[in-house]
Asks: 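Once you've had a glance at the structure underneath, I'll fire off some questions.
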Amino acid sequence: MLDQRLVRENPTLVTNELGRRGLNVDLAPLQLIAEQQRELESQRNSLQGEGNRIGREVGQRIKNGIDPQANEIKALRDQGNKIKQKVAVLEDKEKLISAKLKEQLLSFPNLPSAKCPNGKSEKDNQVLRQWGNPIQETSLQEHWEIAERLKLFDIERSVRISQSRFVTLTNHGARLERALINFMLDLHASKGYKELLPPVLVNTASLTGSGQLPKFAEESFKCADDDLWLTPTAEVPVTSMHRNEIIPSNQLPLRYVAYSPCFRREAGSYGRDTRGLIRLHQFNKIELYWFVHPEHSEAAHNQITADAEAVLQTLELPYRVIELCTGDLGFSASRTFDLEVWLPGAGAFREISSCSLCGDFQARRSAIRTKEGKSTRLVHTLNGSGLAVGRTMAAILENGQQKDGSVKLPEVLVPYFGANQLPPE
RNA sequence: GGAGAGGUGGCCGAGUGGUCGAAGGCGCAGCACUGGAAAUGCUGUAUAGGGGCAACUCUAUCGAGGGUUCGAAUCCCUCCCUCUCCGCCA
């Protein structure tokens with residue numbers, strides 16, 4: 001959420017920064033609302049103060065032995081009643097305006113960081129660096145072909161169970177997924193991340209706090225009879241771990257690694273990535289999440305990205321790091337590095353992790369502060385996939401495929417999977 | 001699902017209509033005492049918004065929302081949540 005005060009005092013800055021994201025907004029109406037809200041609040045405050053004084057006066061006089069039915073008391077009561085009526089009128093107006101203001105503030109995306117390069121779309125993203133040597137060969141299979149051949153999943157029956165874009169992993173596929181989850185959790189935990197296994201049903205406040213609501217309701221699955229949604233990412237429950245909290249500054253940074261299944265409706269992506277493990281309504285993800293002191297967030301952004309990269313490096317999967325331009329930035333992010341893994345079968349880099357610095361955007365929505373001396377300050381939050389598990393499996397299958405039809409597995413997975421290859425057929 | 005109890009500051013806990021943002025205790029911070037520490041004493045210690053250079057000040061907040069009243073933590077209504085017992089259950 002944008003800072004109300006910033007909107008009021010420096011709307012030009014906000015307009016310009018949102019403009020960098022490709023949004024053309026006229027903030028004048030919002031600024032007006034914000035001013036009105038403050039004006040109403042200030043009027044109401046002074047009226048309430050007057051009312052309080054009268055209330056105290058009545059109490060004092062009665063205490064001093066004046067008959068509660070005396071005329072002087074009656075007069076004060078009348079005064080109090082008049083004020084009460086005025087306050088009620090102001091309150092009604094203020095409520096309407098505050099709700100409108102809040103609604104609008106919640107609907108604006110984060111302002112991009114000064115370091116985020118300008119651009120219109122993903123075409124303007126910049127490649128920062130590349131790691132490993134991408135296999136260039138035209139005869140390779142795509143991951144879903146390999147998975148079908150080795151019977152690592154069952155798509156057709158999953159449609160029977162659920163619908164399209166759901167998968168049942170089978171045999172080695174199921175085991176490999178489990179191995180990857182454990183491997184990733186162990187790797188991050190060994191670096192000091194605190195492990196979490198959060199609820200996957202989250203309430204509206206949690207989704208609002210991390211930025212998915214109110215704007216992207218159509219992207220999440222909602223329970224019919226409860227105020228609960230299926231979480232689209234562990235980022236949501238982990239943000240709300242500390243919602244409405246003040247974290248003592250000596251406890252920062254808090255670094256969490258959370259495994260969760262993720263659920264996304266993928267509305268509007270019909271026909272895209274229809275085969276295999278790339279785009280599913282339900283997938284597994286390991287999420288890294290930091291709560292940091294605002295002055296340390298940039299360094300933290302580099303570190304969280306490096307921690308996500310470490311997974312790919314340990315798995316010996318070639319990838320590149322992309323800096324998203326302002327036009328491609330997610331709603332809550334002020335700066336984002338995407339990791340794209342090389343899929344030799346598809347002959348393309350595919351996003352496998354997105355590491356975002358959200359600044360105080362989520363912290364303001366979720367009221368997560370830290371305390372320095374007497375003053376409180378919003379913390380900064382960061383999140384990064386470490387990694388999307390299904391896509392990691394796809395990358396392992398495509399990068400490890402052998403001439404004899406088997407798939408060579410990364411060495412580090414041996415203790416987790418129990419073998420260094422998937423046998424042919 | 002049935003029956004009951006309850007939600008007060010970082011924590012415990014008092015408060016059933018009148019300067020109550022809230023006694024007391026614990027915890028925490030500072031100071032004093034000490035060679036140093038413990039113990040002790042003193043002082044301070046919620047959040048948000050508005051105003052002020054500042055000291056400071058105004059307003060709101062005792063689960064949430066409404067109501068009664070000049071005045072509500074305290075009374076009334078609705079909702080949410082937690083706990084205990086019973087039932088059911090992985």
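Here is the naming used below: chain letters follow the sequence lines, and residue numbers restart at 1 for every chain.
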Asks: Parallel, tilted or perpendicular: which one describes the rings of A:F331 and A:F361, with boundaries at 30° and 60°?
Replies: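 Perpendicular.
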Asks: Which residues satisfy the side chain to side chain contact (heavy atoms under 4.5 Å, CB included) test with A:D338, sequence neighbours excluded?
Replies: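 For A:D338, the residues satisfying side chain to side chain contact (heavy atoms under 4.5 Å, CB included) (neighbours in sequence not counted) are A:I322, A:L324, A:T336, A:E351, A:S354.
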Asks: Decide, yes or no, whether a salt bridge links A:R350 with A:D273 under the criterion of side-chain N to carboxylate O below 4.0 Å.
Replies: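 Yes.
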Asks: Select one nucleotide: of B:U59, B:G18, B:G50, the one nearest the side-chain heavy atoms of A:R8.
Replies: B:G50
Asks: Pairing check on B:G1: which nucleotide meets the Watson-Crick or G-U wobble criteria with it, both distances under 3.5 Å?
Replies: B:C86
Asks: Pick base, sugar-phosphate or nothing for A:R53, based on heavy-atom distances below 4.0 Å to the nucleic acid.
Replies: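 Nothing, no nucleic acid heavy atom in range.
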Asks: Between A:Q43 (CD) and B:U59 (C1'), how many Å, whole number?
Replies: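 Nearest whole value for this atom pair: 14 Å.
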Asks: Between A:I247 (CD1) and B:G10 (C1'), how many Å, whole number?
Replies: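 Interatomic distance, CD1 of A:I247 to C1' of B:G10: 14 Å.
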Asks: B:U47, B:U19, B:G50: which one has an atom nearest the side-chain heavy atoms of A:R38?
Replies: B:G50
Asks: Does B:U16 have a Watson-Crick or wobble mate here (both distances under 3.5 Å), and if so which one?
Replies: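 Pair assignment: B:U16 / none.
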Asks: Would you measure the distance from the P atom in B:A54 across to the matching atom in B:G44 and give it in whole Å?
Replies: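 After rounding to an integer number of Å, I get 23 Å for this pair.
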Asks: May I have the distance from A:D226 (atom CG) to B:C80 (atom C1'), rounded to whole angstrom?
Replies: 13 Å
Asks: Would you measure the distance from the P atom in B:C77 across to the matching atom in B:G4 and give it in whole Å?
Replies: 16 Å
Asks: Does A:I54 or A:R44 map to a spot on RNA chain B nearer the 5' end, using the closest nucleotide for each?
Replies: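 Closer to the 5' end of RNA chain B: A:R44.
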Asks: Determine the Euclidean distance between corresponding P atoms of B:G63 and B:G9; express it in Å to zero decimal places.
Replies: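 Rounded to whole Å, the distance is 8 Å.
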Asks: With a 4.5 Å heavy-atom cut-off, do A:M241 and A:Y289 have their side chains touching?
Replies: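 No, their side chains stay 4.5 Å or more apart.
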Asks: Looking for any heavy atom pair under 4.0 Å, which part of the strands does A:Q4 touch: base, sugar-phosphate only, or nothing?
Replies: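 Result for A:Q4 = nothing.
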Asks: Partner of B:C53 by Watson-Crick or G-U wobble geometry, both contacts under 3.5 Å, or none?
Replies: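 Its partner: none found.
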Asks: Check every strand shown and say whether A:R5 touches a base, only sugar-phosphate, or nothing at a heavy-atom separation below 4.0 Å.
Replies: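 Touches sugar-phosphate only.
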Asks: Give the nucleotide from the list B:G50, B:G49, B:U19 with an atom nearest to the side chain of A:Q60.
Replies: B:U19
Asks: Base, sugar-phosphate or nothing for A:K82? Non-hydrogen atoms, less than 4.0 Å.
Replies: nothing
Asks: With a 4.0 Å cut-off, would you call A:K120 and A:D124 a salt bridge?
Replies: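 Here A:K120 does not pair with A:D124 in a salt bridge, since their nearest N and O are not under 4.0 Å apart.
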Asks: Please work out if A:T376 contacts a base, only the sugar-phosphate, or nothing of the nucleic acid, heavy-atom cut-off 4.0 Å.
Replies: sugar-phosphate
Asks: Hey, does the side chain of A:R369 come within less than 4.0 Å of B:A48's phosphate (OP1/OP2), counting only N and O?
Replies: yes
Asks: Counting only Watson-Crick pairs (N1-N3 plus N6-O4 or O6-N4) and G-U wobbles (N1-O2, O6-N3), all under 3.5 Å, who is the partner of B:U74?
Replies: none
Asks: By the 4.0 Å heavy-atom rule, please label A:K84 as base, sugar-phosphate, or nothing.
Replies: base
Asks: Name the pairing partner of B:A37, where a pair is Watson-Crick or G-U wobble with both distances under 3.5 Å, or state none.
Replies: none
Asks: Under a 4.0 Å N-O cut-off, is there an ion pair linking A:R160 with A:E156?
Replies: no
Asks: Closest heavy-atom contact between A:G211 and A:S332?
Replies: CA-OG, 3.7 Å
Asks: If B:C11 has a Watson-Crick or G-U wobble mate with both distances under 3.5 Å, name it; if not, just say none.
Replies: B:G25
Asks: Given B:U19, is OP1 or OP2 found less than 4.0 Å from the side-chain N or O atoms of A:R56?
Replies: no
Asks: Where the side chain of A:K95 is concerned, which of B:G66, B:C70, B:U19 is the nearest nucleotide?
Replies: B:G66
Asks: So what's B:A48 paired with, Watson-Crick or G-U wobble, going by both distances under 3.5 Å?
Replies: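 Result: B:U59.
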Asks: Sticking with atom C1', work out how far B:C81 lies from B:C33, rounded to a whole angstrom.
Replies: 49 Å
Asks: Could you give the CG-to-C1' distance, from A:N244 to B:A64, as a whole number of Å?
Replies: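 Atom-to-atom, A:N244 to B:A64, this comes out as 13 Å.
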Asks: Quick one: label A:N52 by what it contacts on the DNA or RNA (base, sugar-phosphate, nothing), any heavy atom closer than 4.0 Å.
Replies: sugar-phosphate
Asks: Any base atoms under 4.0 Å from A:I73, or only sugar-phosphate, or nothing? Heavy atoms, all strands.
Replies: nothing
Asks: Taking 4.0 Å as the cut-off, does a side-chain nitrogen or oxygen of A:N81 come that near to OP1 or OP2 on B:C70?
Replies: yes
